[in-house]
**Q** 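Dropping a structure here in structure tokens format, bear with me for questions.
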Amino acid sequence: MKKFVDIIFPLPIKALTYSIPLQYQNRLEIGSSVLVPLRSSKLLLGIVIRCHNIPPSYPTKDVLAISYATPLFTTQQLAFLEWMAKYYLSNLGETLSMAWPKILNNNIGFQYKESMGNYTLSAIEQIIITALQHQSLSYRSIVSLIGQKDTNKALIALLSKRLVEATVETVIDPAERDNRYITLSPTIHLDPFTITKLAPRSPKQQALLAHFLPNKENFPLYISKEVLLGYSKSAFHALYKKGILIKTDSPQLVTFTAPCTPLSTLTTYQKKALIEIERQFTQKTAVLLYGTIGSGKTALYMHLIASALCQQKQVLFLVPEIGLITHIVERIRPFWGEWLMVHHSKQSNKERLKTWARLLNPAALLVIGTRSALLLPFKALQLIIIDEEHDQAYKQIDRMPTYHARESSILLAQQHQAKVLLGSATPSIESYYNSQTGKYGLVRLSHRFGTAGQPKLFFIDLNIEKKRKAMRENFSLTLLSKLEKNHIEGGQAMIFQNRRGYASYFLCAACGWIPRCLTCSVSLTYHQASNHLRCHYCDYTRLTFSTCDHCGSKQLHNIGFGTEKLEESLQLIFPKQKMARMDLDSTKGKNSYQSLLKKINNGSIDILVGTQMMAKGLDFANMRLIGIPDIDGLLYFPDFRSNEKCFQLITQLAGRAGRRDKEGSVFIQTRQIDHPFFQYLSNGDYEGMYHSELAERKRFLYPPYVRLIKLRLSGMDGSTLQSGAIKLKKILEKNFEGIALGPQQPLVGKIRNYFLLDLLLKIPSKNLSRLQRTKEDVRNGCKYMLSKEPYSKIKIVLDIDPI
């Protein structure tokens, strides 16, 4: 009986059925990678998702080659991708493309295969055969020789005739071990006295050598790009040159027995919280750890990780952003050594493939990464930790599927019979609501670690300060005096402004002209460091100018202030203090973020100016003061979550101060000193803010009382887009049992020459039982509208549960 396989590709197309040639039967499994033809001119790698004997309604083509017979994707991983595609109304191929190891795209080679048959070859096929008879060639080499379209057709023909066979350039070996290890030279006999002789004037070298004392666990040390298990890299290089330390193969680690370095002892409150988490895990898949900033949530994570690894299980530790990974890895690498792997989009393809291969071996492993790490092929997953679970970076919004790592992780955990720990000092309202209604467990950790108390918040009335003429640049004299006092007392300070660049825009005082982006409906931001005006959406730039483009006037003024301007102003006010800036512009370099963190920690910086990057779980021992020159823009942002987001951001910022024995303080400048929200903020009253927001959302029908679906339509013709959005709304309202709002233009109505319009659908709680049916109706309505002219060129992103 003829056998078939269903194959998916990292493309927005459905799965296709192919027949299995006799020589490949019984060699393919779900998750295997194969080479197949698509139409007559494309040669693609795909993943097997089903093996069966049912012929499709169309003529099938044969699988041409097997690139990886051992499954690259696990059955559970493929099931998770299918769930994600279904829930977030995405195509399975689109979802696969996010998980697809990019190194596979250019990983195929070809070699000549002797054949007994006589075949008539085309000129191009003969060129390829002649070339392969001399040596094997990669796909890229053949394309450069002939051209892509002709190469695909010729290779499809040659593979079908079995005159060539496909090979892989990179072997994926789950058992492969790292060889970046060092150990003591066998000629050296070490004791405490010889350490001093070997490194007489270097405490760092002595500390490194002490690791290899006979009475200690002299396990080979792992060398990584981030850290050498807490020891000095320069010390290693010096001892390596002397021949005292040598490089060695990686140890054949079979089982995890204990952390490489003993974990910190938990406080009484932390022990109680840990016991309660483990108890609630027996009843709930997900538990919310609501822990005060500085209460030691990371210490709890470490003990839970150790428990899972000792059972030879896998742990996924998610953090919101790539920059934070470096900070956390430096702190925890000494405990986990080779059992810790890192995964994020800025790694090289080979680095990410190594993590992928390690996970295909069901052994103890800790993976720390951003939201994309959810898509890795776990085989023994026991625990998922989502640190700062409230952070918006866990939600994908720019492409489909628009998944949220928090919700998706719970489904992934259920597939593996694993558990999810959500950690935050300022939980999202949806998560806290779920903990109150019993969907999640809830554990509180309300005592700060150490002796320092909660930072105190002080509000400065800008209306009064300006009347008193007590302002200098964008700072009140009150805030400046506190910064000066903080410096005298030896503390460091942060100044927060969630806008990068020097000025928000240029304005001509004579005619009111403002320079704008050519392809986006936004003004250009002035960046003084590069002396350019820049669009933060499409990165269009132009040089600054001295006269108005509209009227020729020289009365040009920069309006508003960003991090660059604040840094410059503070440097002029405090010339003896050392300034630095933490934003997207200043941390673009490969090691710039890590270098900046080191400068802050060693006391080389007195005042750090930055955006919300500073609020992302960083731990600075000597940070004592936070200044916020303008909070009003955060409060009045047009978003039903603006109060919640502002509370989270300011509370997280405040938590960067006073993390040791000195109390921290936060000074906030505002023109709305009587705003009721400030009462919750100053008292750290999350419960008060939560109940206030919940009442508002119930009144106006917003989550968690309804489910939202946002449809973002984009097109290059504004009028066609408008009429298409209106037509789509009418189509949806026929079957949609809820509230449809819009179409309305988002805050930025045009990006990269594409006009944008939003439709917002509210699905009441009473209709949640048919939620998936409703979502399918929405998708079908979109397909129907796009099938009609002139709407076929409109693009739609379906954002399920938008934030």
Side-chain angles (χ1 to χ4, degrees), residues 1-69 71-73 75 78-79 81-82 85-86 90-97 100 104-105 108 110 113 115-126 128-129 139 142-143 146-168 779-780 783-784 786-787 792:
M1 183 179 292
K2 199 168 188 180
K3 295 184 178 181
F4 302 91
V5 286
D6 293 343
I7 295 172
I8 54 172
F9 309 93
L11 299 170
I13 58 175
K14 65 179 182 180
L16 298 176
T17 302
Y18 289 82
S19 53
I20 307 176
L22 286 174
Q23 67 266 34
Y24 294 147
Q25 289 191 7
N26 303 319
R27 289 183 57 192
L28 291 177
E29 301 177 55
I30 293 175
S32 296
S33 173
V34 295
L35 198 62
V36 295
L38 183 62
R39 300 186 182 91
S40 61
S41 60
K42 288 189 177 181
L43 189 62
L44 294 176
L45 275 177
I47 301 298
V48 175
I49 60 168
R50 186 179 171 221
C51 302
H52 58 91
N53 300 320
I54 305 170
S57 58
Y58 50 85
T60 59
K61 296 182 179 181
D62 281 352
V63 170
L64 296 176
I66 300 175
S67 54
Y68 294 98
L72 282 184
F73 288 77
T75 304
L78 290 171
L81 294 177
E82 287 191 73
K86 182 179 179 182
S90 173
N91 183 282
L92 180 55
E94 286 179 308
T95 310
L96 174 71
S97 68
W100 188 263
L104 298 183
N105 293 337
I108 297 296
F110 297 91
K113 183 180 179 182
S115 176
M116 300 298 294
N118 294 317
Y119 296 98
T120 302
L121 302 180
S122 69
I124 293 175
E125 291 170 11
Q126 187 61 58
I128 294 175
I129 288 293
Y139 175 77
I142 299 175
V143 168
I146 295 172
Q148 187 160 14
K149 188 174 181 180
D150 291 334
T151 294
N152 286 340
K153 286 184 177 180
L155 285 174
I156 289 171
L158 292 171
L159 286 165
S160 300
K161 296 168 184 174
R162 311 298 170 193
L163 293 175
V164 302
E165 61 182 6
T167 60
V168 291
R779 177 158 60 181
N780 292 334
K783 286 182 179 179
Y784 180 78
L786 294 175
S787 68
S792 59

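Residue indices begin at 1 and follow the sequence shown.
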**Q** Work out which heavy atom in Leu16 is nearest to a heavy atom in Phe9; give both atom names and the distance.
**A** CD1-CE1, 3.9 Å
**Q** Could you walk me through whether Leu96 and Ile8 pass the side chain to side chain contact (heavy atoms under 4.5 Å, CB included) test, one step at a time?
**A** CA-CA 8 Å; Leu96 174 71; Ile8 54 172; 3.8 Å; yes
**Q** List for me each residue that meets salt bridge (Lys or Arg N to Asp or Glu O under 4.0 Å) alongside Arg779, sequence neighbours excluded, and say none if there are none.
**A** Glu776
**Q** Could you report the tightest heavy-atom contact between Pro10 and Leu45, atom names first, then the distance?
**A** CD-O, 4.0 Å
**Q** Would you indicate whether Lys61, at its atom NZ, is surrounded by more than 12 heavy atoms from other residues, nucleotides or ligands within a distance under 6.0 Å?
**A** yes
**Q** Locate the shortest heavy-atom distance separating Val36 from Leu64; write the atom from each residue and the value.
**A** C-CD1, 4.2 Å
**Q** Please identify each residue that fulfils salt bridge (Lys or Arg N to Asp or Glu O under 4.0 Å) with Asp6, with sequence neighbours left out.
**A** Arg50
**Q** Side-chain donor-acceptor pair under 3.5 Å between Ser33 and Ser67, yes or no?
**A** yes
**Q** Which pairs pass salt bridge (charged side-chain N to carboxylate O under 4.0 Å, His left out) with one or both residues in residues 158-168, sequence neighbours excluded?
**A** Glu125-Lys161
**Q** Can you name the nearest heavy-atom pair linking Leu11 to Leu44, along with the distance?
**A** CD1-CD1, 3.7 Å
**Q** I need the Asp62 CG to Gln23 CD distance, nearest 0.5 Å.
**A** 8.0 Å
**Q** Nearest 0.5 Å, please: how far is CD1 in Ile7 from CD1 in Ile49?
**A** 9.0 Å
